[in-house]
Amino acid sequence: MKGLFITFEGTEGCGKTTQVQLLAERLRALNQTCRVLREPGGTPIGEEIRHTLKHSAENRDMTAEAELLLMNASRAQLVREVIRPALLAGETVLCDRFYDSTIAYQGYGRGLDLSVVKAMVKFAIGDVCPDATLLLMVPLEVSEARRQNRPAGAVPERDRFEESDRDFFLRVEQGYRAIASAEPNRVQVVDGVQCVAAVSEVIWRAVSPRLPRSD
Ligand code: TMP
């Protein structure tokens with residue numbers, strides 16, 4: 001596909017959402033057409049699914065299987081409604097999480113059969129794959145501290161994922177490490193403990209050589 005597709009991954013509090021925005025600003029300053037998306041979400045249907053997954057008062061008893069299917073329902077919609085057409089039109093697409101999150105969270109974290117998880121992902125994404133993935137890693141202690149130190153009012157709603165226990169997040173982290181070592185050409189691990197500006201520079205060095213020329 002003509003456009004460049006870059007995904008951002010990592011556990012809670014790794015700083016990826018800030019970095020997606022910083023990269024988008026930098027690209028726009030260079031007159032690059034770029035689209036910022038998030039998963040789950042990114043379409044009207046996907047945002048409803050996101051609410052069900054994360055915030056709904058009715059989601060406390062959600063099974064891991066239902067969670068896997070909903071993540072991929074949101075993704076199937078996003079890929080066909082937005083990502084694929086944008087890439088075909090030559091746009092740069094930045095996505096805050098994509099299928100590696102499903103491998104790490106539903107596969108490693110929830111312990112669902114990895115071959116089933118991968119088959120579901122394949123069904124959801126079709127032929128759309130990231131050109132590059134930036135995986136921001138922070139130790140669990142840093143992730144926990146950042147979550148606790150959020151400014152008052154920054155997270156107005158309850159988040160079902162944040163109610164998970166420490167062991168769950170340790171398994172997610174292990175999942176991400178396994179993904180990174182299996183696909184070193186696509187996945188670049190970035191030390192997310194550094195200051196925001198330093199992380200942003202590392203990301204820029206990884207992304208800028210891949211950009212289409214704007215002249
Ligand atoms: P975030 O947008 O704040 O990162 O929240 C998304 C949450 O959803 C986060 O806890 C990770 C989780 N998630 C999965 O468990 N599987 C997935 O496939 C995706 C995209 C997200």
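Start at 1 with the first residue, then count along the sequence. All ligand and atom numbering here is 1-based and tracks the order in the structure.
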message: For K2, is there an ion pair with E91 - N to carboxylate O distance below 4.0 angstrom?
response: no

Can you tell me if R75 has a non-hydrogen atom under 4.0 Å from ligand 1?
yes

Taking only non-hydrogen atoms of T102 and a 4.0 Å limit, the atoms of ligand 1 in range are 17 (C), 18 (O)

Criterion side chain to side chain contact (heavy atoms under 4.5 Å, CB included) on E67 and T102, from CA distance to verdict = CA-CA 10 Å; E67 186 178 279; T102 310; over 6 Å; no

The protein heavy atom nearest to atom 16 (N) of ligand 1 is Q106 OE1, 2.8 Å

Minimal heavy-atom distance between C95 and F5, with the atoms involved, is CB-CE1, 3.8 Å

### Query
Salt-bridged, R186 to D100, with N to O below 4.0 Å?
yes

When every non-hydrogen atom of E9 is compared with those of S101, the smallest separation belongs to OE1-OG, 2.6 Å

For K16, the ligand 1 atoms with a heavy-atom partner under 4.0 Å come out as 4 (O)

Atoms of ligand 1 under 4.0 Å from any heavy atom of E39, numbered from 1 in the order shown, are 20 (C)

Review point. Any non-hydrogen atom of R50 lying under 4.0 Å from ligand 1?
Key: yes

Logged contact type for R38 with ligand 1, heavy-atom cut-off 4.0 Å, is neither

Of all protein heavy atoms, the one nearest atom 10 (O) of ligand 1 is E12 OE2, 2.3 Å

What one should report as the nearest heavy-atom pair of E12 and E162 is CG-OE2, 4.0 Å

